[in-house]
K.L.:
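One structure coming up, written as structure tokens, with questions to follow.
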Amino acid sequence: MTTPPLFPGFDGLMTLSRREGVDIRPTLLRVLTDLYVQANAHSGEEERQFVELTSRLIDQVDDATRAAVRARLAIYPGTPAEVSRKLGLKPLTPDRRVPLAYDLPASPSAAAPVKALSEAQLRMASNLSMQPKDAAEINDMFFRASAGERALILHDLPETPLRASARIPPARAARAIETLEMAAFAADVENFTLELGETLILPSRVAAQVVNDPGGEPLACAAKALNMPSAVFQRVLLFLNPEFGSSVNYVYRVSRLYDKLSERSALIMLAAWRGSTMAVTRAKYQPGLYDDEHHRARSAPAQTRPAAQSPGAGAVPRTHSQGSGS
């Protein structure tokens, strides 16, 4: 039996981080560190995974990210020794609870002045589209994650240079919010899902997955993408699904998440949902179309030209009955 990865989808997201112009490695390292320090203890396999993944990123991120990760792990008693050495941290001792960093030599580029990015460069850096495959990987990672992991992902998404979906027009969003609230009061999940999917331009399958997810985080993203007022969202949580709404802890947890959730995080998740649909569609139909064309080319019968006939070969022989009557 294999141990599930500490951070599902990490390897898939690394393909996105290696694409030219898109660098989300700092965010991945921060999220991975946050997930690790949440637990008081880890198994040997979890520690091995953490060491392997962080070692691939520590040398590839900027100084600010490396300093933030060093600060988080400096006060965590379970930091692996190999990671501590890589970050220049001394191991914890009973007489010194907080370790100090070794005197690390300054990098050659540290003394060079950093040229500030222009407004156009910043705008371009924040508008990098996700490829369908990357969107599908982010979508799968999010839906497989636990509640705590989802909260961390949504917290760190605004720092990524991924393009968010465009805002829903205010007039359309206002009409949708009114319809969604009425459907929630009636516990009409079917019409709620239909309206949400049409407004956010999502297929019915994805809209149903968002609405019926037991964690509530996808629904919070969808509502935030509509700029739904917090009070309305709380009423939706209470009435839409009686099974979920009867849990005080559920309503309180998801409501707090919604209040802290940024609009940009919600719109990036909306872009991932839409992009993942394109990836599924391509995977479903493109090979079939290729095979059909290939099959047609191979199975089409060869057309042969009729053999040349000698003069008079096609004439009908005349009989006595066809004559002039003699």
Side-chain angles (χ1 to χ4, degrees), residues 4 6-9 31 34-35 38-40 138-158 165 168 170 172-274 276-277:
L6 180 67
F7 191 55
V31 171
D34 289 340
L35 291 175
Q38 273 190 336
N40 295 328
I138 293 174
N139 177 70
D140 293 343
M141 177 192 67
F142 182 77
F143 276 103
R144 289 199 307 265
S146 64
E149 292 168 345
R150 288 178 175 183
L152 287 171
I153 291 170
L154 293 174
H155 177 268
D156 289 319
L157 269 182
S165 295
I168 307 300
R172 178 68 181 95
R175 293 196 302 271
I177 290 172
E178 183 178 357
T179 303
L180 292 171
E181 185 175 10
M182 290 189 296
F185 270 125
D188 189 347
V189 178
E190 181 178 356
N191 279 326
F192 186 97
T193 304
L194 180 63
E195 178 65 23
L196 189 70
E198 290 181 351
T199 306
L200 298 181
I201 318 177
L202 293 174
S204 57
R205 174 187 61 82
V206 178
Q209 186 180 19
V210 169
V211 172
N212 298 321
D213 184 89
E217 295 86 2
L219 183 60
C221 291
K224 184 65 73 170
L226 294 172
N227 198 23
M228 180 180 288
S230 180
V232 176
F233 181 67
Q234 290 179 15
R235 291 195 289 270
V236 169
L237 292 178
L238 287 169
F239 296 105
L240 178 62
N241 190 323
E243 180 182 356
F244 298 156
S246 60
S247 172
V248 177
N249 291 334
Y250 171 84
V251 175
Y252 179 72
R253 178 183 62 80
V254 181
S255 297
R256 284 194 61 190
L257 172 73
Y258 186 79
D259 291 337
K260 295 181 179 180
L261 181 63
S262 70
E263 181 189 40
R264 176 167 166 77
S265 291
L267 292 176
I268 289 178
M269 284 306 308
L270 179 58
W273 293 336
R274 292 173 177 172
S276 66
T277 303

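Side-chain atoms are counted along with the backbone in the values below, which use heavy atoms only and exclude waters and symmetry mates. In this chain, residues are counted from 1 in sequence order.
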K.L.:
How close do N139 and A272 get, counting heavy atoms only, and between which atoms?
P.N.:
CB-O, 4.4 Å

K.L.:
If you round to the nearest 0.5 Å, how far is CG of N212 from OG1 of T193?
P.N.:
5.5 Å

K.L.:
For F185, which residues count as a ring-ring contact (aromatic ring centres under 6.0 Å, His included) partner, sequence neighbours excluded?
P.N.:
F239

K.L.:
Please identify each residue that fulfils side chain to side chain donor-acceptor pair (under 3.5 Å) with E181, with sequence neighbours left out.
P.N.:
R235

K.L.:
Would you name the heavy atoms of A222 and L200 that are closest together and state the gap between them?
P.N.:
CB-CD1, 3.7 Å

K.L.:
So do W273 and S165 actually touch side chain to side chain, heavy atoms under 4.5 Å?
P.N.:
no

K.L.:
So which pairs with a foot in residues 206-228 pass salt bridge (charged side-chain N to carboxylate O under 4.0 Å, His left out), sequence neighbours left out?
P.N.:
R150-D213, R150-E217, E217-R253

K.L.:
Identify, with sequence neighbours excluded, every residue that meets side chain to side chain contact (heavy atoms under 4.5 Å, CB included) alongside Q38.
P.N.:
L35, L152

K.L.:
Using the rule given for side-chain contact (heavy atoms from CB on, under 4.5 Å), can you reason through V31 versus D34, listing the C-alpha separation, both sets of side-chain angles and the distance that settles it, and then say yes or no?
P.N.:
CA-CA 5 Å; V31 171; D34 289 340; 5.6 Å; no

K.L.:
Taking side chain to side chain donor-acceptor pair (under 3.5 Å) as the definition, give me every residue that meets it alongside S247, ordered by chain and number, with sequence neighbours left out.
P.N.:
none

K.L.:
Indicate the ring-plane relationship of Y258 and F233, choosing parallel, tilted or perpendicular according to the 30° and 60° boundaries.
P.N.:
parallel

K.L.:
Calculate, to the nearest 0.5 Å, the distance between atoms CD1 and CD1 belonging to I138 and I153 respectively.
P.N.:
9.5 Å

K.L.:
Can you tell me how far SG of C221 sits from CG of L270, rounded to the nearest 0.5 angstrom?
P.N.:
9.5 Å

K.L.:
Would you sort out whether L240 and V211 count as a side-chain contact (heavy atoms from CB on, under 4.5 Å), showing the intermediate values?
P.N.:
CA-CA 9 Å; L240 178 62; V211 172; 4.1 Å; yes

K.L.:
Listed by chain and number, what are the side chain to side chain donor-acceptor pair (under 3.5 Å) partners of D259, not counting sequence neighbours?
P.N.:
S230

K.L.:
Testing the basics here: between V210 and P218, what is the closest heavy-atom pair and its distance to 0.1 Å?
P.N.:
CG1-O, 3.5 Å

K.L.:
Assess the residue pair L226 and L180 against the criterion (side-chain contact (heavy atoms from CB on, under 4.5 Å)); give the C-alpha distance rounded to whole Å, side-chain angles, the decisive distance to 0.1 Å, and a yes or no.
P.N.:
CA-CA 11 Å; L226 294 172; L180 292 171; 3.6 Å; yes

K.L.:
How would you list, by chain and number, every residue that makes a salt bridge (Lys or Arg N to Asp or Glu O under 4.0 Å) with D156, sequence neighbours excluded?
P.N.:
none

K.L.:
Could you tell me the separation between the CG atom of N241 and the OH atom of Y250, rounded to the nearest 0.5 Å?
P.N.:
7.0 Å

K.L.:
For S262, what residues pass the side chain to side chain contact (heavy atoms under 4.5 Å, CB included) criterion, not counting sequence neighbours?
P.N.:
P158, R264, S265

K.L.:
Could you measure the distance from the OG atom of S276 to the CZ atom of F143? Nearest 0.5 Å is fine.
P.N.:
8.0 Å

K.L.:
Output all residues satisfying ring-ring contact (aromatic ring centres under 6.0 Å, His included) with F192, sequence neighbours left out; order by chain, then residue number.
P.N.:
none

K.L.:
Run the side chain to side chain contact (heavy atoms under 4.5 Å, CB included) test against A151 and tell me which residues pass, sequence neighbours left out.
P.N.:
L257

K.L.:
Taking L196's backbone N and O only, do any of them form a donor-acceptor pair with T199's side chain (distance below 3.5 Å, no angle check)?
P.N.:
no

K.L.:
Just to verify, what does E263 make a side chain to side chain donor-acceptor pair (under 3.5 Å) with, not counting sequence neighbours?
P.N.:
R167

K.L.:
Could you list all the salt bridge (charged side-chain N to carboxylate O under 4.0 Å, His left out) pairs where at least one residue sits in residues 185-195, not counting sequence neighbours?
P.N.:
R172-E195

